[in-house]
2 protein chains.
Amino acid sequence: MKRTKKKAFREFIAQKGLKSTRQRDIILDAFLSSDRHMSIEELYLKLRAKHPNIGYATVYRTLKLFAESGIAREIQFGDGQTRYEHVAEGEHHDHLVCTHCGTIIEFENETIEKLQDEVAQSHDFIIETHKLELYGICGKCRK
Amino acid sequence: MKRTKKKAFREFIAQKGLKSTRQRDIILDAFLSSDRHMSIEELYLKLRAKHPNIGYATVYRTLKLFAESGIAREIQFGDGQTRYEHVAEGEHHDHLVCTHCGTIIEFENETIEKLQDEVAQSHDFIIETHKLELYGICGKCRK
DNA sequence: GACAGAAATGAAAGTGATTTTCATAAACAA
DNA sequence: TTGTTTATGAAAATCACTTTCATTTCTGTC
Ligand SMILES: [Mn+2]
Ligand SMILES: [Mn+2]
Ligand SMILES: [Zn+2]
Ligand SMILES: [Zn+2]
């Protein structure tokens with residue numbers, strides 16, 4: 001998985017005529033070995049511990065590249081920070097977000113996806129992407 | 001409908017001990033007679049034509065009040081601008097957004113809503129709100 | 001109507017999260 | 001190694017709000 005993504009990114013870099021740099025390798029490793037749903041700031045701070053000389057702008061630009069290459073996806077949970085999450089080849093999931101403790105649960109539901117397509121079709125739309133987020137209180141927070 | 005919302009807002013104002021001002025009336029009229037899904041900036045510019053002396057901050061604060069009073073809902077389509085849309089009593093809808101021309105279509109789907117509740121339940125969550133947006137290309141833009 | 005106190009307004013300053021600029025440094029093809 | 005292209009980091013600029021504060025309005029009382 002990690003291997004696959006590294007390879008995928010290397011190929012993206014090559015195919016685009018971009019350069020393979022020390023920073024991009026470091027940031028990719030940090031990203032792949034981190035929580036899903038990291039903000040730029042979070043990843044930047046995590047990196048700073050071992051690599052104090054990496055700039056925020058580089059992390060920012062590199063995460064954009066990850067998204068462009070298809071190994072990451074940009075998400076917004078409405079807290080004002082852009083987050084990036086790992087994308088697995090051919091997979092998709094949506095999110096359940098606890099508004100109390102911030103816990104994020106991922107889920108897939110084929111039936112919902114199908115119904116979405118039907119809705120789109122009935123309005124003569126062809127869906128490219130979608131966003132489904134359920135905000136609420138998790139079990140722990142209700143106790 | 002427009003009547004109802006005006007009344008609802010007047011009552012909200014009264015019940016909260018706030019004041020009824022010329023600006024709030026003007027902004028409410030402009031909001032109610034405008035497209036659904038207006039950004040603060042858009043409403044502000046629309047207003048400026050007839051009322052050059054109304055400040056951006058007042059529009060901003062008043063839209064927040066509309067949302068608080070229940071006659072408007074804040075939405076984010078990921079374009080970096082907060083938008084406000086009319087809310088009809090006891091109604092709910094989700095959005096289909098054309099990424100090419102910006103057209104927004106509203107839809108309701110009871111089955112999807114039910115499935116969302118089931119997903120939440122299965123993860124011991126109680127949903128407070130949700131966001132479902134389908135992004136794609138509309139029929140017109142495909143021709 | 002005149003007044004006092006409370007709340008609202010508008011212009012300008014402040015915020016926070018990006019996003020861009022630019023001088024310098026690193027890749028990489030030849 | 002060299003020349004050319006691309007990347008990097010620090011700092012400045014942007015953008016979309018959000019807050020501050022001096023001044024105006026409202027509104028209930030005389
Ligand atoms: Mn996820
Ligand atoms: Mn809508
Ligand atoms: Zn929780
Ligand atoms: Zn379109």
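Predicted, not measured: the structure shown is a model, and the values here were computed from it.
Take the nearest nucleotide of DNA chain D for B/Ser20 and for B/Gly80: the residue whose nucleotide is more 5' is B/Gly80.
Atom CG of residue B/Leu43 and atom CG of residue B/Asp35 lie 10.5 Å apart, to the nearest 0.5 angstrom.
In this structure, B/Arg73 contributes its side chain and B/His86 its backbone to no donor-acceptor pair below 3.5 Å. Between the side chain of B/Arg36 and the backbone N or O of B/Ile104 there is no donor-acceptor pair closer than 3.5 Å.
Using a 30° and 60° split on the angle between ring planes, B/His95 and B/His93 fall in the perpendicular class, above 60°.
One finds a side-chain N or O of B/Lys64 lying less than 4.0 angstrom from the OP1 or OP2 phosphate oxygen of D/dT18.
With ring centers used as reference points, B/Phe66 lies 6.0 Å or more from B/Tyr84.
A/Glu41 comes within 4.0 angstrom of no nucleic acid atom, judged by non-hydrogen atoms across all strands. The residue A/Thr82 sits close only to the backbone: its heavy atoms come under 4.0 Å of sugar-phosphate atoms, none of a base.
Note on B/Asp124 versus A/Lys140: no salt bridge recorded, every NZ/NE/NH1/NH2 to OD/OE distance being 4.0 Å or above. Ion pairing between a basic and an acidic side chain is recognised when a charged N comes within 4.0 Å of a carboxylate O; A/Asp25 and A/Lys6 show no such pairing.
What separates CG of B/Leu45 from P of D/dC17 is a distance of 13 Å, to the nearest Å. What separates NZ of B/Lys16 from P of D/dT27 is a distance of 18 Å, to the nearest Å. A/Gln81 places its CD atom 15 Å from the C1' atom of D/dC17, with the value rounded to the nearest Å. Regarding B/Glu42, its CD atom lies at a distance of 16 Å from the P atom of D/dC15, rounded to whole Å.
B/Gln81 is listed as a side-chain neighbour of B/Glu41, based on a closest heavy-atom distance under 4.5 Å.
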Base-contact (B) and sugar-phosphate-only (S) positions in nucleotides 6-13 of chain D, heavy-atom cut-off under 4.0 Å, - elsewhere: BSBBB---
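Counting 5' to 3', DNA chain C first comes under 4.0 angstrom of a heavy atom of chain A and last does so at the ends given by C/dA17 to C/dC28.
B/Phe12 and B/Leu65 make their closest contact through CE2-CD2, 3.8 Å (heavy atoms, listed as atom of the first residue, atom of the second, distance).
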